[in-house]
Amino acid sequence: MTPVTSSAAADGTPSAGAPTGGPVRTGGEAALSTGGGVPTADEAARGSGGETSTAGTAAGVAREAGAAASAAGVTVRTVHDVSGIHAVADFLADVWQMPRATPPYPPEVLHSLVHAGGAVHAAYSARSSGGRPAGASVAVFGPPGERDVYSFVAAASASGRGVGFAIKQAQRLWALERGATTMRWTFDPLVGRNARFNLVRLGAVGGEYLVDFYGPMSDGVNNGDESDRLTVVWDLVAGTPRKDDPADGRSAAEAVRRAPDGGPLALRGADRMWCRVPEDVVALRAADPALALRWRYAVREVFTEAYAEGLRPTAMSRDGWYLLTRCPSTGPTAVETGARTDAEIPCGSTSHMAAFPTACAPSAPAPDPAYPAPCASASPFASLSAGTSASPSEEQE
């Protein structure tokens, strides 16, 4: 693939809540950065009769990927050489706070994935030294015939520069050039800034909710927590960012669950739901692992019950609230998502979630007297008492 290059300065776009000064990571899977308002190239993807071809889309996405790299001030390219792959492995070890001798993705594994037809992408800044990446990603193709790509990991070394967005656009272009039409990956559903990037900035939609997907994790980011993950599916052909306000209608919704901090956790509307996550679960996990784990169980139960009703996460507000809307098979809503409505968005399978119908974890700690244990209520969405605040302030775009 021709490298996506730029010598332009960073755009200075603020991060959607990412920590400042440190590496940007996502718990193992998804990109974590905001782009700089780069316009989509859907018009270039349209052929005769209004249909979309992957060839036409790739041409438009090549321009979009170049614009994203320019805005971030990076060059993005696929990596094949041994030294470059070692540099990516070291970079990912640093992001996940692991020794470079035991990185989360060893260089020999990365090299094998490339040899098998996958791709390692790396972003390089003019300010980088010694070939150190400013961001990296790894992807492989999914089952034969599904025209699907699976992204193992994507990360950027700093927030607010658009590097993560540039990396994802490079992945998108690589996949489209090879005939793929969708891309999947997983991320920690408690990391709200990742959810906003994935669901709003990229326009992906929630698929499977995976309970304790990896089991215990020993990296420096996820220690002490259970590894629930949310799968998202990205339509590579449309690539449509979400343009509506995820908080629309939330102020009138009924609070039906309390969070571990005592505030509202879940709100119900007529055909949708909102679920809140902690402001910064990575910092919370380091400061109070037990409280972070209570958040894990609380959000898990809300998502499990919502999935059973046919609701799926389709957006995330700037103040940390998921919007969950109904799948087409269970009665679509009319919420607009830019060029698409929820009725046109595919919803993912729930097969992995089905093994955990009660959302209770066998390793759950003793209940905290101040917070009810998961699954304690026979009616998970029983109303809270009147007067509960249901409309936190909303940060402006």
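Tyr105 and Phe152 have perpendicular rings, their planes meeting at more than 60° on a 0 to 90° scale where under 30° would count as parallel.
Remark: the backbone N or O of Gly66 is not paired with any side-chain donor or acceptor of Ser70 at under 3.5 angstrom. Side chain of Arg326 to backbone of Gly310: no donor-acceptor contact under 3.5 angstrom is found. A donor-acceptor pair under 3.5 Å is absent between the side-chain atoms of Tyr322 and the main chain of Ala195, judged by distance alone. In this structure, the side chain of Arg276 engages the main chain of Pro264 through a donor-acceptor pair within 3.5 Å. Judged purely by atom type and a 3.5 angstrom limit, Asp228 has no side-chain atom pairing as donor or acceptor with the backbone of Val211. Panel note: side chain Arg312, backbone Gly206; no donor-acceptor pair is recorded below 3.5 Å.
In this structure, the side chains of Pro246 and Trp321 stay at 4.5 Å or more apart for every pair of heavy atoms. Side chains of Arg100 and Asp94 form a contact here, defined as non-hydrogen atoms less than 4.5 Å apart. Side-chain contact between Val79 and Val114 is absent, with no heavy atoms from C-beta onward closer than 4.5 Å. For the pair Arg242 and Thr314, the minimum side-chain heavy-atom distance is below 4.5 Å. Under the 4.5 Å side-chain criterion, counting only non-hydrogen atoms from C-beta, Arg258 is not in contact with Leu265. Side-chain contact between Leu110 and Val138 is present, with at least one heavy-atom pair separated by less than 4.5 Å. Residues Ser157 and Val163 form no side-chain contact, since every pair of their non-hydrogen atoms from C-beta on lies 4.5 Å or further apart. At a threshold of 4.5 Å between non-hydrogen side-chain atoms, the residues Arg193 and Val282 count as touching.
Across all non-hydrogen atoms, the minimal contact from Ala306 to Leu324 is CB-CD2, 4.0 Å.
Placement of Leu173 and Val140 within a single hydrophobic cluster is found when ILVMFWY residues are connected by side-chain heavy-atom separations under 4.5 Å, directly or transitively.
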Leu202 and Gln169: CA distance, side-chain angles, deciding distance, side-chain contact (heavy atoms from CB on, under 4.5 Å) verdict: CA-CA 9 Å; Leu202 296 180; Gln169 292 300 325; 4.3 Å; yes
Residue pair Thr240, Asp235: steps toward the side-chain contact (heavy atoms from CB on, under 4.5 Å) verdict: CA-CA 8 Å; Thr240 308; Asp235 182 341; over 6 Å; no
Full working for side-chain contact (heavy atoms from CB on, under 4.5 Å) between Val302 and Met273: CA-CA 10 Å; Val302 170; Met273 177 184 294; 3.7 Å; yes
CA sep, side-chain torsions, deciding dist, call: Asp271, Leu311, side-chain contact (heavy atoms from CB on, under 4.5 Å): CA-CA 9 Å; Asp271 58 356; Leu311 299 171; over 6 Å; no
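For Glu309 and Arg268, the salt-bridge test passes: some basic side-chain N is under 4.0 Å from an acidic carboxylate O. Salt-bridge formation is detected for the pair Asp188/Arg296: a Lys NZ or Arg NE/NH1/NH2 atom is positioned less than 4.0 Å from an Asp or Glu carboxylate oxygen.
In this structure, SG in Cys275 is found 8.0 Å from CE in Met316, a value given to the nearest 0.5 Å. The line from OG1 of Thr57 to CZ of Arg172 is 7.5 Å long, rounded to the nearest 0.5 Å. Interatomic distance, Ile85 CD1 to Asp90 CG, rounded to the nearest 0.5 Å: 12.0 Å. Note that CZ of Phe141 is 10.0 Å distant from CZ of Arg147, once rounded to the nearest 0.5 Å. How far CZ of Phe213 is from OG1 of Thr186: 5.5 Å, rounded to the nearest 0.5 Å. To the nearest 0.5 Å, atoms CD (Glu279) and CG (Asp319) are separated by 10.0 Å.
Remark: aromatic rings of Phe197 and Trp234 are distant, center separation not under 6.0 Å.
Tested against Ser151 for a side-chain contact (heavy atoms from CB on, under 4.5 Å), the candidates Arg184, Lys168, His121 yield a single pass: Lys168.
For the pair Arg201 and Phe165, the distance from NZ or CZ to the six-membered ring centre is under 6.0 Å and the angle to the ring normal is within 45 degrees. In this structure, Arg229 forms no cation-pi arrangement with Tyr214, as its terminal cationic atom is not both closer than 6.0 Å to the ring centre and no more than 45° off the ring axis.
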